[in-house]
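Here is the structure we will look at.
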2 protein chains.
Amino acid sequence: MRIGELSERTGIPRRLLRYYEEQGLITPERCENGYRSYDERLVDRVQQIRGLLDAGLPTRIIKQILPCLDGPGTIHFPDPTPEMLTTLELELDRMTRRIDCLARNRDAIAAYLEVVRGDGPSVGDARSVEA
Amino acid sequence: MRIGELSERTGIPRRLLRYYEEQGLITPERCENGYRSYDERLVDRVQQIRGLLDAGLPTRIIKQILPCLDGPGTIHFPDPTPEMLTTLELELDRMTRRIDCLARNRDAIAAYLEVVRGDGPSVGDARSVEA
DNA sequence: TCGAACCCTCACATTGATGTGAAGGTCAAG
DNA sequence: CTTGACCTTCACATCAATGTGAGGGTTCGA
């Protein structure tokens, strides 16, 4: 498919699809006329990228971890250098911390909302967190 | 305490502490001489801000949700306009999706790492290229 | 009294993720 | 053949989060 269709199917602006390519996150084929040609599988891939981006990971990290997330059974390791493994470990850790922080704060907000809309009992206490 | 001490205790550069203030996330007092004077509680507060920032929330959102996360017991609801509640609901939703996405990808990475190390070297293509 | 170590404001630079528009090629349908 | 809807590249604009440094005041100990 061409960029327009991929854009529509994923909800990602064309501009960003080109940007992700520029960042090395996806590498569509080219038709004779120079148009980008996207494989079906890139629909999922692009959405995964968006998810990670939304989750706060920078493209350069995403680029590194994407190869490990290929498919359910299709895991092929791209020659993991120890350096890369370290990066992954590190990022794994960051992600966990990020998740914890987000979860704690989300829970606090949820609690707050619950209290505010008379849902719960009287005065509540939504304790939360930090890094 | 002054900005230097807060910076040291939180690990946040002075520059950012001033930036957070500029963004309305914190509002330290001022001494006679114009120096910023930070309350003890701001140590936690600042770390909470960092956590949220790291988690991908922009300052303008953080500014909105911070009042709901004040302290242990000290929760005072600031006249929740329906508009604000909507924002919170929305952000709550985003956070949940973000968490899910992060968790999925983190698990995938964790699984990958687990396979790569120790466990049997069977699947995949192990190329040995060198740069 | 001097210097070191703080603090201030101002303001420009940078990076990452985007928006937007110009100038132009391709292609199917009227 | 022309028009409109695609596509291309290029390049400048923007926004948030930071870095960095200039120019200058304050405080404190030697």
Side-chain angles (χ1 to χ4, degrees), chain A residues 1-39 42 45-66 87 91 94-95 98 101-102 130-131, chain B residues 1-39 42 45-66 87 91 94-95 98 101-102:
Chain A
M1 82 193 75
R2 283 172 304 173
I3 201 172
E5 187 182 343
L6 183 59
S7 172
E8 262 186 30
R9 287 177 58 184
T10 58
I12 313 292
R14 293 161 177 74
R15 171 68 172 91
L16 286 191
L17 293 176
R18 300 201 184 96
Y19 175 67
Y20 298 156
E21 178 181 351
E22 190 183 304
Q23 300 304 304
L25 303 184
I26 50 179
T27 39
E29 305 291 313
R30 291 295 180 136
C31 300
E32 283 298 323
N33 57 14
Y35 289 11
R36 287 171 179 81
S37 173
Y38 296 89
D39 186 281
L42 287 186
R45 167 64 49 123
V46 162
Q47 244 137 17
Q48 188 168 32
I49 290 173
R50 271 269 25 119
L52 290 169
L53 232 25
D54 278 351
L57 303 197
T59 54
R60 88 175 175 287
I61 296 294
I62 296 178
K63 183 176 174 180
Q64 294 198 282
I65 72 182
L66 267 185
T87 300
E91 205 55 36
R94 283 159 102 73
M95 289 173 81
R98 218 186 285 260
C101 177
L102 265 177
E130 75 247 40
Chain B
M1 80 193 77
R2 282 172 306 171
I3 201 170
E5 187 182 342
L6 182 59
S7 172
E8 261 185 32
R9 288 177 57 182
T10 59
I12 314 291
R14 293 161 176 74
R15 171 68 173 90
L16 287 191
L17 293 176
R18 299 200 185 99
Y19 175 67
Y20 298 156
E21 177 180 352
E22 191 182 303
Q23 299 304 303
L25 303 184
I26 50 179
T27 39
E29 305 291 314
R30 292 294 180 137
C31 301
E32 283 299 323
N33 57 13
Y35 288 11
R36 288 170 180 81
S37 173
Y38 296 90
D39 186 281
L42 286 186
R45 166 64 49 122
V46 161
Q47 244 138 17
Q48 187 170 36
I49 290 172
R50 271 271 22 122
L52 290 169
L53 232 26
D54 278 350
L57 303 196
T59 53
R60 89 177 174 286
I61 296 294
I62 296 178
K63 183 176 174 180
Q64 294 198 283
I65 72 182
L66 267 185
T87 299
E91 204 54 35
R94 283 159 101 74
M95 289 173 82
R98 215 187 286 261
C101 175
L102 265 177

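Residue numbers begin at 1 in each chain, while the letters A, B, ... track the order of the sequences.
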Rounded distance (Å) that lies between atom [atom2] of [N] and atom [atom1] of [X]:
| X | N | atom1 | atom2 | result |
| --- | --- | --- | --- | --- |
| Arg14(B) | dT20(D) | CZ | C1' | 14 Å |
| Ile3(A) | dC7(D) | CD1 | C1' | 9 Å |
| Leu25(A) | dG16(C) | CG | P | 13 Å |
| Arg18(B) | dA17(D) | CZ | C1' | 16 Å |
| Glu5(A) | dC6(D) | CD | P | 12 Å |
| Arg60(A) | dT15(C) | CZ | C1' | 10 Å |
| Glu32(A) | dT26(C) | CD | P | 12 Å |
| Met1(B) | dC7(C) | CE | P | 12 Å |

Q: In plain terms, say whether Arg2(A) and Glu5(A) are close enough for a salt bridge, that is, a side-chain N and a carboxylate O under 4.0 Å apart.
A: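 Salt bridge absent between Arg2(A) and Glu5(A).
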(Q) Looking at Arg30(B) and Glu21(B), is there a salt bridge between them, counting it only when a charged N and a carboxylate O are closer than 4.0 Å? (A)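 Salt bridge: yes.
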Q.
Tell me if a side-chain donor or acceptor on Thr10(B) pairs with a main-chain N or O of Leu6(B) at a distance below 3.5 Å.
A.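 Yes; at least one donor-acceptor contact below 3.5 Å.
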Would one find a side-chain N or O of [X] under 4.0 angstrom from OP1 or OP2 of [N]?
| X | N | answer |
| --- | --- | --- |
| Tyr19(A) | dT18(C) | no |
| Tyr20(A) | dT18(C) | yes |
| Arg2(A) | dC6(D) | no |
| Arg50(A) | dT18(C) | yes |
| Asn33(B) | dC7(C) | no |
| Arg36(A) | dT8(D) | yes |
| Arg30(B) | dT9(C) | yes |

Q: Measure the spacing between CD of Gln47(A) and SG of Cys101(B) and express it to the nearest 0.5 Å.
A: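 These two atoms lie 10.5 Å from each other.
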Q.
If only side-chain N and O atoms count, and only distance matters, is there a donor-acceptor pair under 3.5 Å linking Arg45(A) with Tyr38(A)?
A.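 Short answer, no.
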Q. Between dC6(C), dG19(D), dT18(C), which nucleotide has the shortest distance from any of its atoms to the side chain of Tyr35(B)?
A.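 From the listed options, dC6(C) comes nearest.
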